[in-house]
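All of these numbers come straight from a predicted model, not from anything done at the bench.
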Amino acid sequence: MASSLFKALVESSSKIPSSARNLSLVANQIGQHTAKWMQDTSKKSPMELINEVPPIKVEGRIVACEGDNNPALGHPIEFICLDREEPAVCKYCGLRYTQDHHH
């Protein structure tokens with residue numbers, strides 16, 4: 001039963017034109033769009049924009065970064081330890097956090 005189902009799937013996929021399964025066309029379009037975007041020096045890159053945000057001061061030793069207050073615009077929760085001297089960076093959004101030492 002399973003082998004006949006597998007055969008049917010393989011046969012049906014061979015009827016799809018090869019251009020429909022070729023993803024290199026999409027990759028070329030993405031590459032061209034990215035190259036065009038990178039050449040435009042009038043706009044700042046996402047990393048330049050996120051680096052303009054000053055490090056966020058936190059009282060505790062651990063911060064939970066969600067990227068945004070709106071869950072639809074954020075990312076999975078990333079718990080970040082702030083025991084280091086330099087600001088800790090969220091791996092998803094690039095926001096920087098530092099521990100607020102107010103002794």
Say whether Val53 and Val58 are linked into one hydrophobic cluster, either directly or through other cluster members, by side-chain heavy-atom distances under 4.5 angstrom.
yes
Show which residues join Leu73 in its hydrophobic cluster (side-chain heavy-atom contacts under 4.5 Å, direct or indirect), or state none.
none
Output, in order, the C-alpha distance, side-chain angles, deciding distance and verdict of side chain to side chain contact (heavy atoms under 4.5 Å, CB included) for Val63 and Leu82.
CA-CA 8 Å; Val63 65; Leu82 303 175; 4.2 Å; yes
Which pair of heavy atoms, one from Thr98 and one from Pro55, lies closest together, and at what distance?
CG2-CB, 4.1 Å
Heavy-atom nearest pair, Leu95 first then Gly67, reads CD1-O, 4.3 Å
Value rounded to 0.5 Å, distance of SG in Cys93 from CD1 in Ile50
5.5 Å
Tell me every residue that passes side-chain contact (heavy atoms from CB on, under 4.5 Å) with Glu48, counting only those two or more places apart in sequence or in another chain.
Lys44, Ser45
Return the set of residues passing side-chain contact (heavy atoms from CB on, under 4.5 Å) with Glu86 (not counting sequence neighbours), or none when no residue passes.
Arg84
Show me the pairs that pass salt bridge (charged side-chain N to carboxylate O under 4.0 Å, His left out) and involve residues 60-74, at least two apart or across chains.
Arg61-Asp83
Restricting to pairs with a member in residues 87-98, which pass salt bridge (charged side-chain N to carboxylate O under 4.0 Å, His left out), not counting sequence neighbours?
Glu78-Lys91
Enumerate the ring-ring contact (aromatic ring centres under 6.0 Å, His included) contacts for residues 70-98, please, sequence neighbours excluded, ordered by first and then second residue.
His75-Tyr92
Kindly indicate whether the side chain of Ile77, heavy atoms from C-beta on, has any atom under 4.5 Å from the side chain of Cys65.
no
Over 12 foreign heavy atoms within 6.0 Å of CD, Glu85:
no
